Structure formats: C-alpha cells, structure tokens
Amino acid sequence: MTKHIFVTGGVASSLGKGLTASSLGRLLKNRGLRVTMQKLDPYINVDPGTMNPFEHGEVFVTEDGGETDLDLGHYERFIDENLSRDSNATTGSIYSAVLAAERRGDYLGKTVQVIPHVTNEIKHRITRLAHEDVDVVITEIGGTVGDIEILPFLEAIRQMRLDSGRDNVCYVHVTLVPYIGPSSEQKTKPTQHSVTELRSRGIQPDAIVCRSEAPINNSLKEKISRLCDVPVDAVVNAADAASIYEIPLVMHDEGLDRAVCDLLHIEGEPHLDDWRGLVERVQGSTRSVRIGLVGKYVSLPDAYLSVVESLNHAGFEQGIKIDLDWIQAEEVEGLLAAGRLGELDGIVIPGGFGERGIEGKVAAATYSRENNIPCLGICLGLQVMVIEFARNVLGLPLASSSEFDVGAKPTPDPVIHLMDEQRNVTDMGGTMRLGAYVAELTEGSQVANLYGKTVVSERHRHRYEVNPAYRSRFETSGLRCSGQSPDGKLVEFIELPGHPYWVGTQAHPEFKSRPNRPAPLFRGLISAAAHRHDGRNPALLSFDDSTGNEQTSSS
C-alpha cells in the first residue's frame with residue numbers, strides 16, 4: 001500500500017518546507033523507492049497562473065501544462081521526476097470542484113459542508129497520486145499552522161491516518177528555533193507553541209525539523225523531544241547550508257529519513273554517492289562568470305527561481321560559480337551609459353508579460369549582439385531579440401509585438417503577434433501554449449549541437465509567437481530560425497551565426513533542468529560566458545604545447 005508523508009510548517013513562512021520535502025523525497029528515492037510529490041496551497045486562486053510574480057514568485061509549468069506553485073520546481077529538481085498538474089491543488093480549485101459537484105446533484109440534495117465534502121475532496125486530491133507504481137506520496141501543506149485558511153487541509157490529513165492505517169502515514173513538522181542576540185540563546189518556545197497548535201487540530205507530529213541559523217545542541221533536541229512528545233532521534237536540525245543541494249545530506253546525517261522509514265516500516269539505506277559527488281562539484285567550483293539577468297521582477301528573485309537554478313546547474317557541470325547581476329530592465333539604458341553591461345560575461349533575458357521594461361530588454365539585446373556578449377533569450381526574451389533584430393538590422397524602427405498595442409497606436413510591423421486561432425478567446429489562459437511541445441531543430445545548427453539531436457521537447461507558457469510573415473526577411477538578413485514546430489508554422493528557436501552565443505527559445509528550458517543534468521541552452525550560455533571571461537582575463541589562460549591549443553586554467 002502506498003505510504004503518505006505530510007509536511008507542515010509552523011511559526012513563520014519561508015522556513016523551507018518545500019526543500020525539506022524535496023530532500024526527504026531525494027533520500028527515499030535513493031533507497032530505491034518510487035516517489036511522487038504534491039503541494040496543497042490554501043489560497044483561493046484556482047492556480048497561480050494569473051497571479052502577479054511579486055505576489056507569488058515564479059509560476060512553474062509541468063509537462064502536461066499545469067501552472068503550479070514554484071515548490072514543484074524544487075520537487076522535480078531533487079527527485080528528478082516529471083510531475084503533473086495533479087501535484088498542485090489550491091483552496092480555489094478544491095471549492096470549484098465541490099461547487100461543480102453540488103450543481104450536478106452529486107450530493108443528492110444534502111447540505112454541502114467543509115466536513116465531509118471539502119475534506120473529502122482534499123483527500124481525493126491526495127489519494128489520486130497513490131498509483132500502483134508509487135511507493136510514497138509526499139504532500140506539503142502550504143501556509144503555517146494557525147492560519148485560518150489551512151484548517152480544512154489539516155483536518156483532511158488528520159483523517160488520512162485513520163483511512164490509510166497508522167503504519168502508512170507520517171507527519172513531519174518544520175518549525176523555527178530562533179537565536180536571540182541579547183541573551184545569546186536559541187529558543188525552543190516557538191517550536192513548542194507550534195506543535196501545541198498542531199496537536200490541537202488532532203495531529204501529533206512524528207518528526208520535527210528545526211530550522212536555525214546555526215546548529216542546535218543535543219540538550220535543545222532533548223528538550224523539544226520531551227515537551228513535544230517526539231522521540232529525540234526524530235528531532236532533526238536543519239541549520240542554514242551554503243547550498244540547497246547540501247540539504248539532503250544534512251537531513252540524512254541528522255537521521256530524518258531513518259526516523260520516517262522506521263515509522264513507515266521501510267527497509268534499506270540510501271545510496272548517496274552520486275548526490276555527494278554533486279555536492280563536491282558545487283563546493284569545488286573555483287572559477288566564476290558574471291551573468292546579468294535582465295528582468296522585470298528582479299526585486300523578487302523567486303520570480304526567476306528556475307532560471308537561477310538552471311544557471312547554477314550549468315555552472316556545477318563546468319566547475320564554475322555564477323556571479324549573478326540582477327538588472328532591472330527599466331534601468332538598462334542608464335547602465336549602458338555607466339558601462340555596467342560591458343563588465344558582464346553573459347546575459348539572460350527571461351520571460352514575462354506586459355510592456356513594462358521592454359525597451360530596456362531590447363537595449364540589452366542590442367548591446368549583447370553588437371558587443372559579442374553571450375546572450376540567452378527565454379520566451380519573451382526570444383521575442384525581444386526578434387524585435388531588436390527587426391529594428392536594427394531589418395531597418396524596421398517601429399517593429400514591436402502586438403501584445404503592446406493595447407491603448408496605443410498599433411505597430412506597423414508586428415514581428416511578434418497573436419496567432420489567428422487565438423484572437424477570439426476571452427479566457428486568460430485560453431490563448432496560452434502551456435506544457436510540453438515538440439520542436440524540430442535544423443541539422444548542424446548551434447542549438448541542435450547543444451541538444452545532440454534534432455527533435456526536442458520543451459515546456460511552454462506564452463500566447464504570442466514570431467510572425468511568420470517576416471520569417472524569410474529575418475533569415476535572409478542573417479537571423480537563423482533554427483527550430484520550428486513540426487508543422488513548420490511556429491518559430492521555436494533562433495540563433496545568430498557568427499556570434500559567440502546569441503540564442504533565443506520560445507520555450508522555458510529552465511523547467512526541465514536538473515542539478516546533475518543541466519538544460520543544454522544554459523550549458524551553452526555558461527560555456528560561452530566562460531570563454532569570454534577567460535579571453536578578457538589573459539592570466540587565466542595557459543598554452544598546451546602538446547596540442548598547440550589554448551587551454552583554460554582551473555584557477
């Protein structure tokens with residue numbers, strides 16, 4: 001029977017429930033178990049797809065087109081499994097399902113209530129992941145114990161132990177052990193109160209993960225054990241780590257997976273050699289490259305979480321640290337005057353929606369093209385690169401996207417536009433290309449060489465496309481449309497032959513990047529950036545007499 005692990009949090013948000021759940025998933029998978037994961041969010045939005053990035057951070061997209069919480073990105077990166085839209089549920093989606101069932105008459109005229117109807121729907125969202133090919137389902141409950149909106153979720157997971165059996169359900173609670181400077185003490189009282197609140201809802205935690213700035217000592221663990229009625233071996237300390245990829249090893253050394261497996265009667269030990277090798281590569285990176293991320297939402301780094309992690313993954317593989325320069329798109333023109341962009345080894349222009357900051361992104365694309373700075377455009381980034389090329393190479397100074405025509409005079413050259421079949425759709429998500437789509441790459445192109453094949457699949461989240469009416473003009477002027485949809489209608493990849501790396505994709509390759517398997521386009525960017533960095537710093541280059549080739553030193 002499928003085992004269930006529920007991860008809750010207390011005291012404060014952003015303690016790392018998602019990373020705790022992901023790390024535990026990694027440890028269980030390395031024991032040979034088949035693991036899947038899920039996030040239950042208490043907000044009333046149906047999904048985060050229409051939420052402002054400043055509200056919620058990145059919207060992560062699954063293979064099947066689900067717009068989900070960013071924690072699913074952590075899940076996929078850690079357990080290396082593709083999740084689905086079923087791995088994220090919100091209060092809004094749950095109530096929508098309950099109300100639809102009531103309108104259909106599924107409840108036979110009964111009064112519809114939180115218990116049992118809402119809680120039953122929550123349990124249905126959990127148990128539908130428990131397929132015969134899944135050994136463990138790890139479910140993270142968003143929010144903090146004590147929040148009013150979280151109560152139906154706590155009641156539902158409380159009932160799960162009765163439904164599934166005591167030996168098949170485990171509760172892990174993540175809480176805070178703060179350090180009080182004036183008294184030079186770490187305090188357990190917040191943890192005690194959080195566990196008391198959880199127990200008042202009928203849930204006794206089986207393990208407690210104590211988040212802290214510095215390691216806590218055994219006497220504090222014993223105190224938490226006694227006052228929270230949890231075995232001392234199941235009181236786990238997760239002190240701040242230098243890299244999120246160290247956390248599974250920290251959790252294992254603290255005994256979290258052992259405590260959970262003992263409770264669930266799971267045998268075996270995890271094989272962690274590969275993961276330890278990854279962490280050694282992370283810790284062993286000595287060289288660095290400076291990458292500018294030119295975005296609209298840079299004041300909230302979580303808005304570009306998967307992009308940042310993909311850059312890191314490419315760096316891990318090549319022994320390179322990423323020195324990230326967060327650049328507000330609206331400030332690019334001023335930075336150009338100050339020479340700041342000239343100090344970069346590479347540029348990423350990520351996705352987004354709306355007109356704000358577009359001219360700054362176009363200016364960054366121009367600077368990178370004219371100064372041979374490696375540049376990767378993602379989704380809107382590709383569209384910006386197309387606009388830039390149209391204006392400055394094709395001689396179409398008013399070229400733009402029809403996305404930006406609202407409330408203004410339409411551009412005479414909509415090099416980016418909405419496809420005809422999408423124009424009359426009124427639903428905000430109805431015009432979106434969401435999820436995995438196949439693209440065919442041009443044999444011998446830069447992107448085909450990076451992928452090592454000519455048919456690829458990447459995830460999408462956008463509604464505007466390159467206007468095919470301009471495609472021949474782009475290609476005759478030197479911009480190569482190096483990837484297209486199988487029917488030849490949609491441009492999926494562009495590149496500029498002769499440039500060190502000026503590549504754009506309509507997709508979001510960051511969603512499929514893994515710490516042990518970086519996304520090919522990010523690998524290409526970091527490789528080109530490293531070459532530029534070394535060329536600008538001759539002291540880092542040495543000459544190999546045996547081959548006659550210039551070699552990069554490891555220092």
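Atoms considered below: every heavy atom in the structure, side chains included; atoms not considered: hydrogens, waters and symmetry mates. Count residues from 1 along the sequence. Predicted, not measured: the structure shown is a model, and the values here were computed from it.
- Between D80 and K29 there is no salt bridge, since none of the side-chain N atoms of the basic residue sits less than 4.0 Å from a carboxylate O of the acidic one.
- In this structure, K3 does not pair ionically with D167, as no charged nitrogen and carboxylate oxygen lie closer than 4.0 Å.
- In this structure, H265 and N168 have side chains that are not in contact, with every pair of non-hydrogen atoms separated by 4.5 Å or more.
- Counting heavy-atom neighbours within 6.0 Å of I44 CD1, excluding the residue itself, gives a total of 12 or less.
- For H4 and S164, the side-chain atoms include no donor-acceptor pair closer than 3.5 Å.
- Going from atom CG of D233 over to atom CD of E254 covers 10.5 Å, rounded to the nearest 0.5 Å.
- Remark: the N45 side chain and the T50 side chain contain no N/O donor-acceptor pair separated by less than 3.5 Å.
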* Assess whether side-chain contact (heavy atoms from CB on, under 4.5 Å) is satisfied between V172 and I138, documenting all intermediate values. => CA-CA 10 Å; V172 177; I138 301 176; over 6 Å; no
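- R125 has a carboxylate O that lies under 4.0 Å from a charged side-chain N of E121, or vice versa, which qualifies the two as a salt bridge.
- For the atom pair OG1 of T119 and CD1 of I94, the computed distance is 10.0 Å after rounding to the nearest 0.5 Å.
- The side-chain heavy atoms of E269 and R31, taken from C-beta on, include a pair separated by under 4.5 Å.
- Annotation: side chain of R463 is in contact with side chain of F353 (closest heavy-atom distance under 4.5 Å).
- Scanning all heavy atoms of the two residues, the minimum distance from R258 to H252 falls at NH2-O, 4.1 Å.
- Contact annotation: the side chain of M251 never approaches that of L24 to less than 4.5 Å [non-hydrogen atoms, C-beta and beyond].
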* Asked: Could you walk me through whether L272 and L27 pass the side-chain contact (heavy atoms from CB on, under 4.5 Å) check?
  -> CA-CA 8 Å; L272 296 173; L27 294 171; 3.8 Å; yes
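- Within 6.0 Å of the CD atom in E81, the count of heavy atoms belonging to other residues, nucleotides or ligands exceeds 12.
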* To do: Could you please spell out the steps behind the side-chain contact (heavy atoms from CB on, under 4.5 Å) verdict for R26 and I247?
  => CA-CA 10 Å; R26 178 76 255 174; I247 298 175; over 6 Å; no
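- Here R161 pairs with D206 in a salt bridge; the nearest charged N to carboxylate O distance falls below 4.0 Å.
- Here the closest heavy-atom approach between residue G351 and residue C379 is recorded as CA-CB, 4.2 Å.
- Looking at heavy atoms from C-beta onward, Y304 lies out of side-chain contact with V348 at the 4.5 angstrom threshold.
- A donor-acceptor contact shorter than 3.5 Å is absent between the side chain of D135 and the backbone of L33.
- No more than 12 heavy atoms of other residues, nucleotides or ligands shown are found within 6.0 angstrom of CG on D273.
- Note: Y245 and F78 have parallel aromatic rings, judged against thresholds of 30 and 60 degrees for the angle between ring planes.
- Two residues are said to be in side-chain contact when any heavy atoms from C-beta on lie closer than 4.5 Å; V307 and L293 meet this criterion.
- Contact between L324 and L311 at its shortest, heavy atoms only, is CD1-CD1, 3.8 Å.
- A heavy-atom distance below 4.5 Å is found between the side chains of L198 and P205.
- Comment: E317 does not engage R517 in a salt bridge, judged by the lack of any side-chain N to carboxylate O separation of less than 4.0 angstrom.
- Shown here for R158 and G202, the closest heavy-atom pair between the two residues is CG-O, 3.5 Å.
- The closest side-chain donor-acceptor pair between E492 and Y437, if any, does not fall under 3.5 angstrom.
- A distance of 6.5 Å separates CZ of R211 from CG of L15, quoted to the nearest 0.5 Å.
- Two rings, from Y107 and H117, have their centers less than 6.0 Å apart.
- In summary, the side chains of Y43 and E55 do not present any donor paired with an acceptor at a separation below 3.5 Å, with no hydrogens or angles considered.
- Of the residues V7, T8, T144, the one that meets the side-chain contact (heavy atoms from CB on, under 4.5 Å) test with V174 is V7.
- Ion pair R77/E309 not flagged as a salt bridge, since none of the NZ, NE, NH1 or NH2 atoms sits closer than 4.0 Å to an Asp/Glu carboxylate oxygen.
- In this structure, SG on C261 lies 7.0 Å from CD1 on I5, to the nearest 0.5 angstrom.
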* What do the steps show when you test I157 against I126 for side-chain contact (heavy atoms from CB on, under 4.5 Å), and what is the final call? -> CA-CA 9 Å; I157 68 171; I126 296 168; 4.1 Å; yes
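- Across P48 and V59, no two heavy atoms sit closer than the pair O-CG2, 3.4 Å.
- Looking at heavy atoms from C-beta onward, T62 lies out of side-chain contact with N88 at the 4.5 angstrom threshold.
- Across every non-hydrogen atom of L380 and P350, the tightest pair is CB-O, 4.1 Å.
- Of the possible donor and acceptor atoms, none in the side chain of H508 sits under 3.5 Å from a partner among the backbone N and O of E510.
- Once rounded to the nearest 0.5 Å, the distance linking CD of Q159 with CG of N120 reads 6.5 Å.
- With salt bridges taken as basic N to acidic carboxylate O contacts below 4.0 Å, one links R459 and E63.
- E149 and T91 share no side-chain donor-acceptor pair at under 3.5 Å.
- Note that CZ of F316 and NZ of K321 are 11.0 Å apart. Values are rounded to the nearest 0.5 Å.
- Enclosure of atom CG in D274 is not indicated, since only 12 or fewer non-hydrogen atoms of other residues, nucleotides or ligands lie within 6.0 angstrom.
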